[in-house]
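Ligands are counted one by one from 1 in listed order, and the atoms in each one are counted from 1 as well. For this chain, numbers begin at 1 and follow the sequence in order.
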Amino acid sequence: MIIGSHVSFKKDSQLLGSVKEALSYGATTFMFYTGAPQNTNRQVIDIKLTNEAKQLMKDNNIDINNVIVHAPYIINMASSNDFAVKFLKEELKRCAILGINKIVLHPGSSVKLSREEGIKNIINNLNAVGSHEVMILLETMAGKGTELGKNFEEIKEIIDHVDYKLGVCLDTCHINDAGYDVNNFDDLLKKFDEIIGLKYLKCVHINDSKNLINSHKDRHENIGFGTLGFDNLIKIIYHDKLKDIPKILETPYVTIDDNSKERMYPPYKFEIAMILNKKFDNNLFDKVRNYYK
Ligand code: FE
Ligand code: FE
Ligand code: ZN
(Lines give C-alpha, C1' and ligand atoms only; values in the text may rest on other atoms or scores of the structure.)
(Ligands and ions follow the chains in the order given, each with its own letter.)
Protein backbone atom coordinates (compact mmCIF):
# COMPACT_ATOMS: atom_id res chain seq x y z
CA MET A 1 0.00 0.00 0.00
CA ILE A 2 1.54 3.27 -1.15
CA ILE A 3 -0.14 5.71 1.21
CA GLY A 4 0.87 8.97 2.82
CA SER A 5 -0.22 12.53 3.36
CA HIS A 6 0.71 16.08 2.81
CA VAL A 7 3.66 16.95 5.07
CA SER A 8 5.57 20.15 5.79
CA PHE A 9 8.90 21.21 4.28
CA LYS A 10 10.54 23.45 6.86
CA LYS A 11 13.42 25.89 6.52
CA ASP A 12 15.73 24.19 8.98
CA SER A 13 15.05 20.54 8.16
CA GLN A 14 13.79 20.59 4.54
CA LEU A 15 13.31 17.13 2.97
CA LEU A 16 14.75 15.36 6.03
CA GLY A 17 12.00 16.89 8.18
CA SER A 18 9.39 15.87 5.62
CA VAL A 19 10.55 12.24 5.66
CA LYS A 20 10.57 12.17 9.48
CA GLU A 21 7.05 13.61 9.58
CA ALA A 22 5.80 11.01 7.06
CA LEU A 23 7.39 8.20 9.09
CA SER A 24 5.70 9.51 12.24
CA TYR A 25 2.36 8.88 10.49
CA GLY A 26 3.29 5.33 9.45
CA ALA A 27 3.22 6.47 5.82
CA THR A 28 4.96 4.81 2.87
CA THR A 29 5.04 8.00 0.80
CA PHE A 30 4.29 11.74 1.16
CA MET A 31 3.68 15.02 -0.64
CA PHE A 32 4.92 18.54 0.14
CA TYR A 33 5.29 22.11 -1.10
CA THR A 34 8.92 23.20 -1.51
CA GLY A 35 7.98 26.46 0.27
CA ALA A 36 4.89 28.45 1.25
CA PRO A 37 2.23 27.76 -1.41
CA GLN A 38 0.96 31.34 -1.31
CA ASN A 39 4.29 33.06 -2.05
CA THR A 40 7.39 32.65 -4.17
CA ASN A 41 10.05 32.84 -1.43
CA ARG A 42 12.06 29.69 -1.83
CA GLN A 43 15.15 28.49 -0.01
CA VAL A 44 18.20 27.00 -1.62
CA ILE A 45 17.97 23.21 -1.41
CA ASP A 46 20.47 21.92 1.16
CA ILE A 47 22.37 18.98 -0.33
CA LYS A 48 23.42 17.50 3.01
CA LEU A 49 19.82 17.46 4.33
CA THR A 50 18.65 16.03 1.01
CA ASN A 51 21.19 13.20 1.13
CA GLU A 52 20.28 12.40 4.74
CA ALA A 53 16.61 12.39 3.73
CA LYS A 54 17.30 9.98 0.87
CA GLN A 55 19.18 7.63 3.19
CA LEU A 56 16.33 7.73 5.73
CA MET A 57 13.85 6.90 2.95
CA LYS A 58 15.99 3.96 1.86
CA ASP A 59 16.27 2.67 5.43
CA ASN A 60 12.48 2.76 5.73
CA ASN A 61 11.54 1.43 2.28
CA ILE A 62 10.08 4.69 1.02
CA ASP A 63 10.57 4.72 -2.74
CA ILE A 64 11.42 8.29 -3.78
CA ASN A 65 9.65 7.59 -7.09
CA ASN A 66 6.38 7.61 -5.12
CA VAL A 67 7.08 10.96 -3.45
CA ILE A 68 5.20 13.96 -4.85
CA VAL A 69 5.74 17.71 -4.86
CA HIS A 70 2.70 19.98 -5.11
CA ALA A 71 3.23 23.19 -7.10
CA PRO A 72 2.20 26.37 -5.23
CA TYR A 73 -1.37 27.40 -5.94
CA ILE A 74 -0.39 30.97 -6.82
CA ILE A 75 0.81 29.63 -10.17
CA ASN A 76 -2.01 30.24 -12.65
CA MET A 77 -1.01 28.65 -15.93
CA ALA A 78 -4.20 29.96 -17.56
CA SER A 79 -3.03 33.55 -17.28
CA SER A 80 -1.18 35.14 -20.15
CA ASN A 81 1.75 36.71 -18.26
CA ASP A 82 4.95 34.68 -18.04
CA PHE A 83 5.31 34.64 -14.23
CA ALA A 84 3.72 31.19 -13.99
CA VAL A 85 6.09 29.76 -16.60
CA LYS A 86 9.16 31.21 -14.87
CA PHE A 87 8.13 30.03 -11.46
CA LEU A 88 7.14 26.53 -12.58
CA LYS A 89 10.54 26.17 -14.28
CA GLU A 90 12.25 27.07 -10.99
CA GLU A 91 10.03 24.62 -9.15
CA LEU A 92 10.91 21.82 -11.58
CA LYS A 93 14.60 22.51 -10.97
CA ARG A 94 14.09 22.23 -7.21
CA CYS A 95 12.27 18.90 -7.70
CA ALA A 96 15.17 17.61 -9.80
CA ILE A 97 17.73 18.62 -7.14
CA LEU A 98 15.63 16.86 -4.49
CA GLY A 99 15.39 13.77 -6.69
CA ILE A 100 11.56 13.98 -6.90
CA ASN A 101 10.15 13.12 -10.32
CA LYS A 102 6.46 14.10 -10.03
CA ILE A 103 4.85 17.46 -9.41
CA VAL A 104 1.09 18.01 -9.06
CA LEU A 105 -0.21 21.16 -10.72
CA HIS A 106 -3.65 22.77 -10.64
CA PRO A 107 -4.33 23.43 -14.34
CA GLY A 108 -5.38 27.05 -13.68
CA SER A 109 -8.35 29.42 -13.53
CA SER A 110 -9.68 31.33 -16.52
CA VAL A 111 -10.69 34.34 -14.30
CA LYS A 112 -11.91 36.92 -16.85
CA LEU A 113 -11.02 34.93 -19.95
CA SER A 114 -13.28 32.38 -21.60
CA ARG A 115 -12.64 28.75 -20.70
CA GLU A 116 -11.29 28.15 -24.22
CA GLU A 117 -8.80 31.02 -23.93
CA GLY A 118 -7.80 29.83 -20.47
CA ILE A 119 -7.09 26.34 -21.73
CA LYS A 120 -5.19 27.74 -24.72
CA ASN A 121 -2.99 29.71 -22.30
CA ILE A 122 -2.36 26.61 -20.19
CA ILE A 123 -1.24 24.70 -23.28
CA ASN A 124 1.00 27.53 -24.50
CA ASN A 125 2.50 28.06 -21.05
CA LEU A 126 3.19 24.37 -20.53
CA ASN A 127 4.84 24.22 -23.94
CA ALA A 128 6.90 27.28 -22.98
CA VAL A 129 8.10 25.45 -19.84
CA GLY A 130 9.52 22.83 -22.18
CA SER A 131 10.24 19.18 -21.55
CA HIS A 132 12.18 18.21 -18.45
CA GLU A 133 12.86 15.14 -16.34
CA VAL A 134 10.13 15.87 -13.75
CA MET A 135 6.62 14.82 -14.78
CA ILE A 136 3.83 17.39 -14.35
CA LEU A 137 0.59 15.82 -13.10
CA LEU A 138 -2.53 17.85 -13.86
CA GLU A 139 -4.94 17.67 -10.94
CA THR A 140 -8.65 17.11 -11.53
CA MET A 141 -10.40 20.14 -10.02
CA ALA A 142 -13.74 20.76 -8.28
CA GLY A 143 -14.68 23.55 -10.67
CA LYS A 144 -14.78 26.18 -7.94
CA GLY A 145 -15.08 29.67 -9.44
CA THR A 146 -13.43 29.65 -12.86
CA GLU A 147 -11.17 26.62 -12.24
CA LEU A 148 -10.21 24.67 -15.35
CA GLY A 149 -9.67 20.92 -15.40
CA LYS A 150 -13.04 20.18 -13.76
CA ASN A 151 -13.78 17.35 -16.16
CA PHE A 152 -11.78 14.64 -17.92
CA GLU A 153 -12.33 16.29 -21.33
CA GLU A 154 -10.57 19.51 -20.30
CA ILE A 155 -7.62 17.54 -18.90
CA LYS A 156 -7.46 15.49 -22.10
CA GLU A 157 -7.51 18.66 -24.22
CA ILE A 158 -4.42 19.94 -22.40
CA ILE A 159 -2.58 16.60 -22.55
CA ASP A 160 -3.21 16.33 -26.30
CA HIS A 161 -1.72 19.72 -27.10
CA VAL A 162 1.35 19.75 -24.86
CA ASP A 163 4.38 18.44 -26.69
CA TYR A 164 5.83 16.37 -23.85
CA LYS A 165 4.30 13.71 -21.62
CA LEU A 166 2.01 14.82 -18.78
CA GLY A 167 0.33 12.76 -16.08
CA VAL A 168 -2.86 13.17 -14.05
CA CYS A 169 -3.62 13.36 -10.33
CA LEU A 170 -7.17 12.34 -9.44
CA ASP A 171 -8.55 14.04 -6.31
CA THR A 172 -11.53 12.17 -4.82
CA CYS A 173 -13.05 15.28 -3.17
CA HIS A 174 -12.63 17.31 -6.34
CA ILE A 175 -14.22 14.76 -8.68
CA ASN A 176 -17.24 14.46 -6.35
CA ASP A 177 -17.61 18.23 -6.19
CA ALA A 178 -17.14 18.40 -9.98
CA GLY A 179 -20.11 16.08 -10.51
CA TYR A 180 -18.64 12.57 -10.84
CA ASP A 181 -20.36 9.81 -8.84
CA VAL A 182 -17.82 8.01 -6.66
CA ASN A 183 -20.50 5.54 -5.55
CA ASN A 184 -19.81 3.86 -8.85
CA PHE A 185 -16.04 4.05 -8.99
CA ASP A 186 -15.62 1.31 -11.60
CA ASP A 187 -17.74 3.30 -14.05
CA LEU A 188 -15.82 6.43 -13.16
CA LEU A 189 -12.47 4.74 -13.82
CA LYS A 190 -13.83 3.37 -17.08
CA LYS A 191 -14.80 6.90 -18.11
CA PHE A 192 -11.33 8.13 -17.10
CA ASP A 193 -9.76 5.36 -19.16
CA GLU A 194 -11.91 6.09 -22.23
CA ILE A 195 -11.40 9.85 -22.17
CA ILE A 196 -7.85 10.28 -20.83
CA GLY A 197 -6.34 6.80 -20.52
CA LEU A 198 -5.58 5.00 -17.26
CA LYS A 199 -1.86 4.99 -18.02
CA TYR A 200 -1.80 8.76 -17.40
CA LEU A 201 -2.98 8.34 -13.80
CA LYS A 202 0.08 8.77 -11.55
CA CYS A 203 -1.30 9.95 -8.19
CA VAL A 204 -4.58 9.89 -6.26
CA HIS A 205 -5.51 12.46 -3.61
CA ILE A 206 -7.64 10.72 -1.02
CA ASN A 207 -10.06 13.16 0.60
CA ASP A 208 -13.62 12.98 1.78
CA SER A 209 -15.82 15.98 0.87
CA LYS A 210 -17.88 18.33 3.03
CA ASN A 211 -20.27 18.88 0.12
CA LEU A 212 -22.66 17.04 -2.15
CA ILE A 213 -21.87 15.84 -5.64
CA ASN A 214 -21.69 18.66 -8.22
CA SER A 215 -21.39 21.39 -5.54
CA HIS A 216 -18.19 22.91 -7.06
CA LYS A 217 -17.01 23.81 -3.56
CA ASP A 218 -13.65 22.02 -2.89
CA ARG A 219 -13.80 21.64 0.88
CA HIS A 220 -11.99 18.51 2.05
CA GLU A 221 -13.29 16.38 4.92
CA ASN A 222 -11.61 13.72 7.05
CA ILE A 223 -11.82 10.14 5.82
CA GLY A 224 -15.29 8.69 6.48
CA PHE A 225 -16.77 11.92 7.86
CA GLY A 226 -18.01 13.36 4.57
CA THR A 227 -20.32 12.66 1.66
CA LEU A 228 -18.04 10.08 -0.01
CA GLY A 229 -17.93 7.89 3.07
CA PHE A 230 -15.44 5.40 4.41
CA ASP A 231 -16.50 2.39 2.31
CA ASN A 232 -16.24 4.27 -0.98
CA LEU A 233 -12.81 5.60 -0.09
CA ILE A 234 -11.59 2.13 0.94
CA LYS A 235 -12.82 0.74 -2.38
CA ILE A 236 -10.82 3.40 -4.21
CA ILE A 237 -7.69 3.02 -2.06
CA TYR A 238 -7.65 -0.76 -2.47
CA HIS A 239 -8.75 -0.77 -6.12
CA ASP A 240 -6.75 -3.29 -8.10
CA LYS A 241 -6.10 -0.88 -10.97
CA LEU A 242 -4.68 1.74 -8.59
CA LYS A 243 -2.38 -0.67 -6.75
CA ASP A 244 0.92 0.90 -7.83
CA ILE A 245 -0.22 4.52 -7.61
CA PRO A 246 0.71 6.74 -4.64
CA LYS A 247 -2.28 7.80 -2.54
CA ILE A 248 -2.03 11.06 -0.64
CA LEU A 249 -4.31 12.34 2.14
CA GLU A 250 -5.02 16.09 2.17
CA THR A 251 -7.68 16.02 4.86
CA PRO A 252 -8.15 18.88 7.35
CA TYR A 253 -6.19 19.19 10.58
CA VAL A 254 -8.09 18.60 13.80
CA THR A 255 -8.58 21.75 15.85
CA ILE A 256 -8.41 22.07 19.60
CA ASP A 257 -9.23 25.15 21.65
CA ASP A 258 -6.43 25.08 24.19
CA ASN A 259 -6.72 27.94 26.73
CA SER A 260 -8.26 30.18 24.08
CA LYS A 261 -5.33 29.50 21.77
CA GLU A 262 -6.43 27.43 18.83
CA ARG A 263 -4.12 24.59 17.87
CA MET A 264 -4.27 22.25 14.91
CA TYR A 265 -3.16 18.64 14.88
CA PRO A 266 -2.52 16.42 11.86
CA PRO A 267 -5.01 13.54 11.56
CA TYR A 268 -2.84 11.44 9.25
CA LYS A 269 -1.35 8.91 11.68
CA PHE A 270 -4.86 7.87 12.69
CA GLU A 271 -6.42 8.11 9.24
CA ILE A 272 -3.67 5.90 7.81
CA ALA A 273 -4.29 3.42 10.64
CA MET A 274 -8.03 3.37 9.80
CA ILE A 275 -7.19 2.75 6.15
CA LEU A 276 -4.72 -0.05 6.88
CA ASN A 277 -7.24 -1.67 9.29
CA LYS A 278 -10.06 -1.03 6.81
CA LYS A 279 -12.11 -0.01 9.82
CA PHE A 280 -13.78 3.36 10.38
CA ASP A 281 -13.07 4.97 13.75
CA ASN A 282 -15.71 7.42 14.94
CA ASN A 283 -13.34 8.60 17.69
CA LEU A 284 -10.73 9.85 15.23
CA PHE A 285 -10.78 13.47 16.45
CA ASP A 286 -10.44 12.60 20.15
CA LYS A 287 -7.63 10.17 19.39
CA VAL A 288 -5.75 12.84 17.46
CA ARG A 289 -6.22 15.41 20.25
CA ASN A 290 -5.15 13.00 22.97
CA TYR A 291 -2.08 11.89 21.06
CA TYR A 292 -0.69 15.36 20.31
CA LYS A 293 -1.76 17.41 23.33
FE1 FE B 1 -4.12 20.27 -5.20
FE1 FE C 1 -5.78 17.56 -4.16
ZN1 ZN D 1 -8.86 20.58 -2.92
Answer yes if the side chains of [X] and [Y] hold a donor-acceptor pair under 3.5 Å, and no otherwise.
X    : Y    : result
H220 : H205 : no
N183 : N232 : yes
E21  : S8   : yes

**OP:** Using a 4.5 Å cut-off on heavy atoms from C-beta on, say whether the side chain of T227 contacts that of N176.
**Re:**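 The answer is yes; the side chains approach within 4.5 Å.
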Examine [X] and say whether one of its N/O/S atoms is closer to the Zn ion (ligand 3) than 2.8 Å.
X    : value
H174 : yes
C173 : no
D218 : yes

**OP:** Identify, by name, the N, O or S atom of D171 lying closest to the Fe ion (ligand 2).
**Re:**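 The closest N, O or S atom of D171 to the Fe ion (ligand 2) is OD2.
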Original post:
Hey, is K156 close enough to D160 for a salt bridge, meaning N to O under 4.0 Å?
Top reply: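 Result for this pair is yes, salt bridge flagged.
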Original post:
Do E147 and K144 sit within salt-bridge range, that is, some charged N less than 4.0 Å from a carboxylate O?
Top reply: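 Between K144 and E147 there is no salt bridge, as every charged N stays at least 4.0 Å from the carboxylate O atoms.
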Original post:
Which N, O or S atom name in H220 marks its closest approach to the Zn ion (ligand 3)?
Top reply: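 Considering only N, O and S atoms, H220 comes nearest to the Zn ion (ligand 3) through NE2.
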**OP:** May I have the angle between H205 ND1 and E250 OE1 with its vertex at the Fe ion (ligand 2), rounded to 10°?
**Re:**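 ND1 of H205 and OE1 of E250 make an angle of 80° at the Fe ion (ligand 2), to the nearest 10°.
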**OP:** Show your working on salt bridge (charged side-chain N to carboxylate O under 4.0 Å, His left out) between E116 and K120 and close with a plain yes or no.
**Re:** CA-CA 6 Å; E116 292 71 28; K120 209 189 273 171; over 6 Å; no
**OP:** Flag H106 as yes if one of its N/O/S atoms falls below 2.8 Å of the Fe ion (ligand 1), otherwise no.
**Re:**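 Checking H106: at least one N, O or S atom is under 2.8 Å.
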Original post:
Closer than 2.8 Å to the Fe ion (ligand 1), do we get an N, O or S atom from E139, backbone or side chain?
Top reply: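 Looking at E139, which is the residue asked about, there is an N, O or S atom under 2.8 Å from the Fe ion (ligand 1).
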**OP:** State whether H70 contributes an N/O/S atom found under 2.8 Å from the Fe ion (ligand 2).
**Re:**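 H70 does not place any N, O or S atom closer than 2.8 Å to the Fe ion (ligand 2).
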